[in-house]
Amino acid sequence: MTFFEPFTTIFVLLFGLVIGSFLNVCILRLPLGQSIVHPRSRCPQCKRPIAWYQNIPVLSWVALRGKCASCSTKISVRYPAIELASGVILVVLWRWLGPNVEFPIAALFALSMLVLFFTDWDHQLLPDAITLTGVAMGLALAWFNPYLHGEGWGRVWSSLAGAILGAGLLWGFGAAYGKLRGVEAMGMGDVKMMGMVGAFAGPFGVLMTIFAASLVGAVVGVALIPLRGRTLQDTLPFGCFLAPAAMAALLTSQRVAAAYLAILLPNS
Ligand SMILES: [Zn+2]
């Protein structure tokens with residue numbers, strides 16, 4: 001730890017809080033097809049624009065006691081909570097991964113998953129602006145992405161294979177389920193989201209994500225049966241399970257794959 005380390009961590013935290021404030025705008029506007037740059041943030045009730053000093057992450061919400069300065073409409077605690085989550089995620093990744101190429105890649109991926117979690121929770125929507133952009137970014141960054149298997153072109157192929165496998169599997173599940181039940185269960189949003197996950201985390205990351213999300217989804221689904229009709233949400237969108245599972249898979253799938261191969265092939 002260097003002399004500068006406490007300062008860089010504080011800087012990363014502040015940066016994360018500011019980014020979190022922007023993520024709030026993305027979560028609010030992307031599912032509605034609105035611009036994320038224009039107009040300026042305003043109170044959803046009285047439409048009054050929010051001044052810069054009322055828009056300081058976390059602090060403004062605390063200073064205003066969670067109410068709009070002009071009409072006193074309650075401002076959800078989710079805004080400062082998402083800002084804080086964004087800051088904490090970046091600090092944890094920074095302390096864990098340090099000044100390496102892993103940090104910006106994991107940070108970009110984690111914050112995208114955070115947005116997808118909340119848009120899916122709120123609207124059962126996974127906006128193309130995140131998922132398709134994510135596929136493109138995953139492929140573009142593949143050469144430098146140490147979470148993909150191999151080096152150089154090997155990583156690019158791994159990214160491409162991951163994107164195809166991720167999107168293909170989800171599309172296949174959706175088609176099979178649709179045939180079985182005569183309904184459309186899996187939206188194209190999940191297909192594109194898993195394309196993004198594969199482009200960043202490769203084919204093994206895709207398998208780990210789907211496995212973990214299905215497992216947790218099944219457990220939560222069973223646990224919620226006695227609460228049916230009284231829960232916040234009757235159906236929990238699959239993207240809400242995929243998002244945290246994908247983050248865990250990105251960070252650990254290479255080590256899990258190595259451990260798994262060591263069990264399968266103990267003498268190699
Ligand atoms: Zn207001």
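Indexing begins at 1, ligand by ligand and atom by atom, following the structure's order. Along the sequence shown, residues carry numbers from 1.
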Quiz item: Using a side-chain heavy atom cutoff under 4.5 Å and only I, L, V, M, F, W and Y, what cluster partners does Phe11 have?
Solution: none

Self-check item: Leu30, Asp190, Val197, Leu126 screened by side chain to side chain contact (heavy atoms under 4.5 Å, CB included) with Leu116, the one that passes
Solution: Leu126

Practice problem: Measure distances from the Zn ion (ligand 1) and count the protein N, O or S atoms below 2.8 Å. | Solution: 4

Is a side-chain donor or acceptor of [X] paired with a backbone partner of [Y] at a separation under 3.5 angstrom?
X	Y	answer
Asn24	Tyr79	yes
Ser72	Lys67	no
Glu83	Leu59	no

Quiz item: So Trp153 and Trp143, would you call those rings parallel, tilted or perpendicular, with 30° and 60° as cut-offs?
Solution: perpendicular

